[in-house]
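This report concerns only the one structure given below.
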Amino acid sequence: MIYMRANPIGAADFHGFANRICEVLNRYELSERRNCVMYRSFLVKYGEIGVKGKNRYIFENMLMDQVKFALKPVEGSFEVRKEQGRIYVDVTSEDYDYEGCVEALKRVFGVVAFCPLLQVEDEGFDKLAETVVTHLKEAYPAGNFSFKVNARRARKNYPKDSMEINADMGEKILDAFPNATVDVHNPQVMVCIEIRSMINIYWEEIPGPGGMPVGSNGKAMLLLSGGIDSPVAGYMIAKRGVAIDATYFHAPPYTSERAKQKVIDLARIVARFSGPINLHVVNFTDIQMYIYEKCPHEELTIIMRRYMMKLAEHFAKESGCMGLITGESIGQVASQTMQSLYVTNEVCTMPVYRPLIGFDKQEIVDISEKIETYETSILPYEDCCTIYVAKHPVTKPNLEYIRKSETKLTEKIDELMQIAIDTVETIRIEAAE
Ligand code: ATP
Ligand code: MG
């Protein structure tokens, strides 16, 4: 069972929060060799949802849906439920894939952390202490950890109050682990004990991705190429609760089926976090060639990008998206100078979200490694943008000049755009295993 608790984080707590993340990571590493079979439940902690006032239950329900969705492919059966402002996920099958479950939960936006839970009946304090000690021995066989007991007595008829449980349990643990020490400020192991109708015991907090549950913030259209940046951009916007559709422009026969497959594979990795993606594969060849034929070659990339944005916006509007997403970052290449972004953006009527705008390449690479798109992104297949790239593309395009160049494109460009729209291939992308 997995179980979630509201845990709002204010900006002022940021440093405390960062410290807590480090502690959590410490504890997680310390207990890596744990025996997982004992966990029949998890407690999942969530952050910003907790501050949503009377709409909170809507976000909680969305988070529960996302957790259910993430656990679908995991071996075993699970029940997600809410109880007293917390969300529990119960393991209802005899066996289940613990690692798979942990991996799935690590990808659910909205989850700040989750704790594998031991749930036991109340059979008296001595029995409880015995259970705690037995499982601590399994989790930390070396026994040389620092700890703190953190008890909460939600059921007031329990014979000991929280302070007594803290003190008495601490003593039992010290008796059983001669090399363990108490550290009330920065313990390696925080032994949490909650006395409810059942008793919850947990000491491990595994970090989740944070963010907001996908679907809680509408939908946007990602311009997805086969590069490093755009999958990361999609991930980052999805993290804020936004569902994703995607558009990919390819240029057969100049770009291969393998290049298209690479984009599909990237979309499948992003879908692990964002949920299913409708990927629109647009044949851009004729548009690209027509621009190449009519316009100055050094302006080709900028003009092409303006047409990409127009087409992406068409599909975005058609599928109820409220914005476009790109992987652009200021100054990364000629088409991403402030002047180029200004000219590209000028054709858009909906907001364009560029979550990587202030990131250096290495920062983007770091995220792509973390979300596991990097290895796919660096496969060396061609992209439609690179095929006709001019030796010296304009880096400071002037909007009036670009517009003037575009007047050379007759109504044929509208026909070509319509053909691209009519021949779009839409692929439903499900999450990669
Ligand atoms: P990426 O930015 O994904 O690493 P890239 O760096 O090769 O790929 P750029 O030339 O930087 O692509 O393009 C900037 C942005 O334009 C991309 O992040 C992506 O959002 C969009 N884009 C570029 N090429 C394509 C394409 N073929 N199909 C869809 N979107 C594209
Ligand atoms: Mg890029």
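Small disclaimer: the values here were computed from a predicted structure and weren't measured. In listed order, ligands and their atoms are each counted from 1.
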Q) For the residue pair His297 and Tyr292, does the interplanar ring angle fall in the parallel (under 30°), tilted (30 to 60°) or perpendicular (over 60°) class? A) parallel
Q. Ligand 1 and Ile228, any nitrogen or oxygen pair closer than 3.5 angstrom?
A. yes
(Q) Regarding ligand 1, does Ser230 bring an N or O atom to under 3.5 Å of one of the ligand's N or O atoms? (A) yes
Q: For Glu369, check side-chain hydrogen bond (donor to acceptor under 3.5 Å, both in side chains) against everything at least two apart and list the hits.
A: none
Q | Closest to atom 6 (O) of ligand 1 (judged by heavy-atom distance), picking from Thr344, Thr326, Asp229, Leu223 | A | Asp229
Q.
Quick test of your reading: applying side chain to side chain donor-acceptor pair (under 3.5 Å), list the pairs with at least one residue in residues 69-78, sequence neighbours left out, ordered by first then second residue.
A. Ser77-Thr92
Q. Do any nitrogen or oxygen atoms of Ser225 lie less than 3.5 angstrom from nitrogen or oxygen atoms of ligand 1?
A. yes
Q) What atoms of ligand 1 come closer than 4.0 angstrom to any heavy atom of Thr247? A) 29 (C)
Q) Could you give the distance from OG (Ser368) to CD1 (Ile378), rounded to the nearest 0.5 Å? A) 8.5 Å
Q: Please determine if Lys404 forms a cation-pi arrangement with Tyr401, meaning its NZ or CZ atom is less than 6.0 Å from the six-membered ring centre and no more than 45° off the ring axis.
A: no
Q.
Within ligand 1, which atoms have a heavy atom of Gln332 less than 4.0 Å away?
A. 6 (O), 11 (O)
Q: Identify, by atom number and element, the atoms of ligand 1 in contact range of Gly327, meaning under 4.0 Å from any of its heavy atoms.
A: 17 (C), 18 (O), 20 (O)
Q: Please identify which atoms of ligand 1 are closer than 4.0 Å to at least one heavy atom of Gln336.
A: 9 (P), 11 (O), 13 (O), 14 (C)
Q. Does any N/O atom on Gly226 come nearer than 3.5 Å to any N/O atom on ligand 1?
A. no
Q: First locate atom CG of Leu409, then atom CD1 of Ile287, and finally report the distance between them rounded to the nearest 0.5 Å.
A: 10.5 Å
**Q.** Test item: side-chain donor near acceptor, Lys148 and Asn166, under 3.5 Å
**A.** no
